[in-house]
Q: 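The structure's right below; bear with me while I get my questions together.
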Amino acid sequence: MGFRVLKGGLLTTVQDFGRYGYQSQGFNVSGVMDPRSFRIANLLLDNPENEAVLECTLIGPTLEFTSDQIIAITGGDFRPELNDDPVPMYTAIYVKKGDVLKVGSARTGRTCYIAFSNYLQVPVVMGSRSTNLKCGIGGFKGRKLRDGDYISTRIKRRKYLPYFLSRTLPLHEFDDNAVTVRVVMGPQAEAFSAKGLDTFLNSEFTISSNFDRMGVRLDGPFVESKAGSDIISDGIALGAIQVPAHGKPIILLADHQTAGGYAKIGTVATVDLPKVAQRRIDDKIRFQQISVEEAQHLLKVQEHEYQEFRNRIHKPCKEVLEVRLTAKRLERLFEE
């Protein structure tokens, strides 16, 4: 009861929100790169908000299902196919035993997420099912998925969900190759000159090839510090933007280190982390300064949006409400 991995893809791992409470002991949080797409994938299936999913990077896996269940795929458009037929993103999809899901290469974005109605059977390690690749713990054997792996699911449940035809969202969030990312300045913004701060906030940077789950280095103009950017190592927050001596900003992501010794010019607002995580090489990025209060407000607005999504997928679709549409669908079936 689960699925067999026919092809593991480039980097496919089991992830949830991450492993909190252990950074003081040197364990990074890990977890999903794009928490928004992760939450929406589980929302489409009425899963618990933190239920583990597969995170796929750039080239997705090929899976053969050994039991019936329902899945949802969100994030970048990886052009998924079920039994060689295209299937939509951001939609609940019924799969049967023997079906083969092929998640292709990313047309847009960098990562996609596959949620499962029957829940992945992987152990909870230190409060999380996330894969920590550097420590080799969590997820499936502490590593990325490989050809031939088999992952079981935990429960036999829900071969049907209410309002099934309504469980789709018209989202296309990563089509743009240039984005503006909102940041809260600090905690060491004072280490940078007025010229350096102006360069950071009023220049365009390019996503470099130096990009992994730990972070992404940006190419672009030199961000000037007052007297070097080395500091006594202190804690690192998700989305912190370090600027080493070479003057190139580094945005720290899911697998970021727990502490670091470079000055941090700012921190990406939580709601904009997906914009960074879903960038591709040579994409463009600009920064916009906001206050802590504005960042908190944006987070509240996003929570209201999630609730609107829940309301939307729990309403009867027009095919159910409109008798004529239903009759037309039945007529086509009889004609076939």
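These numbers come from the heavy atoms of this one structure, side chains and all, not from hydrogens, waters or symmetry mates. If you read the sequence from its start, that first residue is 1, and numbering goes on from there.
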Q: Please confirm whether the backbone N or O of Thr180 pairs with a side-chain atom of Arg286, one donor and one acceptor, at under 3.5 Å?
A: no
Q: Let me confirm one number: the CG-NZ distance from Leu82 to Lys102, rounded to the nearest 0.5 Å.
A: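 The distance works out to 13.0 Å.
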Q: With a 6.0 Å cut-off (strictly less than), is the heavy-atom count around NZ of Lys96, excluding the residue itself, greater than 12?
A: no
Q: Thinking salt bridges, do Asp272 and Lys275 make one under a 4.0 Å N-O criterion?
A: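 Salt bridge flag = yes for Lys275 with Asp272.
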Q: With distance as the sole test, does Thr267 use its side chain to make a donor-acceptor pair with the main-chain N or O of Ala240 at under 3.5 Å?
A: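 Here the side-chain-to-backbone pair does not exist.
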Q: Any chance you could lay out the side-chain contact (heavy atoms from CB on, under 4.5 Å) test for Ile290 and Leu298, step after step, and finish with the verdict?
A: CA-CA 10 Å; Ile290 62 172; Leu298 290 170; 3.9 Å; yes
Q: How about Phe200 and Phe287: are their ring centroids closer than 6.0 Å?
A: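 Between Phe200 and Phe287, the centre distance is under 6.0 Å.
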Q: Counting only heavy atoms not in Lys7, do more than 12 fall under 6.0 Å of its NZ?
A: no
Q: When rounded to the nearest 0.5 angstrom, what is the spacing between CZ in Phe211 and CG in Asp283?
A: 9.0 Å
Q: Would you mind checking if Arg167 and Asp46 are paired as a salt bridge, meaning a charged N to carboxylate O distance below 4.0 Å?
A: yes
Q: Could you check if a side-chain atom of Arg279 sits within less than 4.5 angstrom of a side-chain atom of Val179, using non-hydrogen atoms only?
A: yes
Q: Please confirm whether Tyr94 and Phe164 have ring centers closer than 6.0 angstrom.
A: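 For Tyr94 and Phe164, the ring centres are not under 6.0 Å apart.
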Q: Strictly distance-based, threshold 3.5 Å: is any side-chain N or O of Lys248 a donor or acceptor partner for the main-chain N or O of Gly220?
A: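 Present.
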Q: Can you tell me how far the CG atom of Asp84 sits from the CD atom of Glu81, to the nearest 0.5 Å?
A: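 So the CG of Asp84 and the CD of Glu81 are separated by 6.0 Å.
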Q: Under the 3.5 angstrom rule, does the side chain of Asn311 hit a backbone N or O of His314 as a donor-acceptor pair?
A: no
Q: Please determine if Asp149 and Arg143 form a salt bridge, counting it only when a charged side-chain N lies under 4.0 Å from a carboxylate O.
A: yes
Q: Within a radius of less than 6.0 Å around NE2 of His246, do more than 12 heavy atoms belonging to other residues, nucleotides or ligands occur?
A: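 Check passes, neighbour count above 12.
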Q: Could you tell me whether a side-chain N or O of Thr108 sits under 3.5 Å from a main-chain N or O of Asp77, the two making a donor and an acceptor?
A: yes
Q: Can you measure from NZ (Lys97) to CD (Gln69) and round to the nearest 0.5 angstrom?
A: 13.0 Å
Q: Say whether, by atom type as modelled, one donor and one acceptor occur between the side chain of Ser208 and the main chain of Arg217 under 3.5 angstrom.
A: yes
Q: Between Arg312 and Glu305, is the closest basic N to carboxylate O distance under 4.0 Å?
A: no
Q: Would Glu51 and Arg39 pass as an ion pair if we require N to O under 4.0 Å?
A: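 No, this pair does not count.
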Q: To the nearest 0.5 angstrom, please state how far the CG atom of Asn28 sits from the SG atom of Cys135.
A: 6.0 Å
Q: Look only at the side chain of Tyr90 and the backbone of Gly75, and say whether a donor-acceptor pair between them is shorter than 3.5 Å.
A: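 Checked: pair present.
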